Amino acid sequence: MTFSQRLTDMHLDVLKEIGNIGAAHAATSLSKLLDKKVDMRVPAVRLVEFDEVMELAGGTEKEVVSVFLRIEGEAPGNMFFILSPEQGEAFVERMTGIKGVRFDGEDELAVSALQELGNILSGSYLTALSDFTKLDLYPSVPSLSLDMVGAILTFGLIELSQVSDQAIVIETSLTDVDHAEAEDIEGHFFLFPDPQSYYPLFKSLGVSSYE
């Protein structure tokens with residue numbers, strides 16, 4: 001039986017709650033860093049087919065900004081935070097007050113800001129996941145890239161395809177409360193545990209065995 005077949009709605013609800021806890025911690029960290037009120041939430045956690053993973057991020061040939069972190073510890077894997085370049089620029093402009101930011105991979109301010117965003121979001125989520133599961137998990141230093149969706153996410157799906165045909169997607173919404181009339185910045189976390197990580201993750205979620 002595959003990972004996705006053993007992951008029930010209850011487990012997804014638990015992951016969503018962990019995501020919301022992580023988002024709350026991330027919002028607090030961002031608020032302190034930027035000296036302004038930031039709100040974050042996780043509207044949904046879903047299992048999606050590999051093709052849909054690509055579509056959620058805009059399609060295989062869509063250019064996106066990606067913050068990648070390697071999850072180390074007792075349940076290693078890969079985590080990606082994906083934004084469109086336009087969303088990335090909107091984040092940098094709204095959070096720094098600097099207008100006319102162009103995310104082309106060479107703007108040091110944009111790169112630094114988005115790396116820090118990815119680091120805070122992913123670190124907060126992993127802390128919440130670690131606290132809940134009692135597993136020792138920690139993130140690598142984040143790396144940022146500007147590339148097509150297919151090129152970025154295929155790397156994370158190769159190992160996962162050995163045991164599943166679905167991936168965990170954690171939808172994330174970020175709001176600058178000081179500019180509540182502005183459109184929310186929407187992003188996606190893609191969580192790709194390594195094959196050997198499924199047993200400890202299942203066990204921590206209350207599934208006693210995994211074949």
Side-chain angles (χ1 to χ4, degrees), residues 4 19 22-23 26 30 40 42-72 76-96 98-126 137-174 183-195 197:
S4 56
L30 281 173
M40 287 187 60
V42 176
V45 174
R46 295 188 286 158
L47 273 178
V48 300
E49 305 288 339
F50 286 174
D51 287 346
E52 191 179 354
V53 170
M54 302 294 184
E55 290 305 313
L56 282 172
T60 57
E61 297 184 0
K62 171 72 173 179
E63 189 175 58
V64 294
V65 179
S66 168
V67 179
F68 166 75
L69 295 102
R70 175 68 183 167
I71 303 168
E72 305 289 355
N78 298 319
M79 180 177 281
F80 297 83
F81 181 60
I82 303 288
L83 288 166
S84 70
E86 294 77 18
Q87 292 270 278
E89 290 162 5
F91 168 78
V92 175
E93 288 188 5
R94 284 163 56 181
M95 298 306 170
T96 66
I98 297 174
K99 302 297 183 182
V101 172
R102 295 296 301 168
F103 196 89
D104 55 11
E106 297 179 3
D107 187 318
E108 292 184 4
L109 173 64
V111 169
S112 177
L114 286 176
Q115 281 181 322
E116 186 61 20
L117 172 65
N119 194 32
I120 290 173
L121 298 187
S122 302
S124 297
Y125 180 79
L126 286 182
L137 304 171
Y138 51 94
S140 69
V141 175
S143 62
L144 188 141
S145 61
L146 179 68
D147 207 338
M148 291 187 296
V149 168
I152 289 173
L153 293 182
T154 296
F155 167 75
L157 293 173
I158 290 175
E159 283 194 299
L160 182 59
S161 65
Q162 299 175 34
V163 293
S164 179
D165 57 1
Q166 294 180 309
I168 300 170
V169 179
I170 305 159
E171 297 182 3
T172 305
S173 176
L174 185 151
E183 183 180 352
D184 288 355
I185 295 175
E186 305 288 346
H188 290 94
F189 275 119
F190 295 95
L191 179 61
F192 302 147
D194 289 354
S197 299

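Predicted model only: the values in this text are computed from it and were never measured. Hydrogens, waters and symmetry mates are skipped; everything else that's a heavy atom, side chains included, is used.
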Check your understanding: Are the side chain of S197 and the backbone N or O of P76 linked by a donor-acceptor pair below 3.5 Å?
Key -> yes
Point to revise | Partner set under ring pair (Phe, Tyr, Trp, His ring centres under 6.0 Å) for F189, not counting sequence neighbours | key: F81
Review point. So do E63 and L146 actually touch side chain to side chain, heavy atoms under 4.5 Å?
Key: yes
Practice item. Drop me the distance from F68's CZ to F190's CZ, to the nearest 0.5 angstrom. Key: 14.0 Å
Point to revise | side-chain contact (heavy atoms from CB on, under 4.5 Å) partners of S66, counting only residues at least two apart | key: F80, I82, S145, I152
**Study point:** Which atom of P139 lies closest to which atom of G123, heavy atoms considered
**Key:** CG-CA, 4.3 Å
Review point. Is V45 close to V169 at the side-chain level, that is, under 4.5 Å between some pair of heavy atoms?
Key: no
Exercise for review: Indicate yes or no: does D147 engage K62 in a salt bridge with an N to O separation below 4.0 Å.
Suggested key: no
Point to revise | Check: L69 and I71 side chains under 4.5 Å, non-hydrogen atoms | key: no
Review point. Can you name the residues that form a salt bridge (Lys or Arg N to Asp or Glu O under 4.0 Å) with E86, not counting sequence neighbours?
Key: none
Check your understanding: Is there a side-chain contact between M54 and T154, using heavy atoms and a 4.5 Å cut-off?
Key -> yes
Exercise for review: Would you please name every residue forming a side-chain contact (heavy atoms from CB on, under 4.5 Å) with S112, sequence neighbours left out?
Suggested key: none
Check your understanding: So, do M79 and L126 sit near enough that their side-chain heavy atoms are less than 4.5 Å apart?
Key -> yes
Review point. For M148, which residues count as a side-chain contact (heavy atoms from CB on, under 4.5 Å) partner, sequence neighbours excluded?
Key: E61
Check your understanding: Out of curiosity, E72 CD to D194 CG, how far, rounded to the nearest 0.5 Å?
Key -> 8.5 Å
Exercise for review: Answer yes or no: is there a donor N or O on one side and an acceptor on the other, between the side chain of R70 and the main chain of G77, under 3.5 Å?
Suggested key: yes
Study note, to complete from the structure: Sorted by chain and number, sequence neighbours left out, side-chain contact (heavy atoms from CB on, under 4.5 Å) with E55 holds for none
Practice item. Indicate the atoms forming the closest heavy-atom contact of P142 with V67, along with that distance. Key: CB-CG1, 3.8 Å
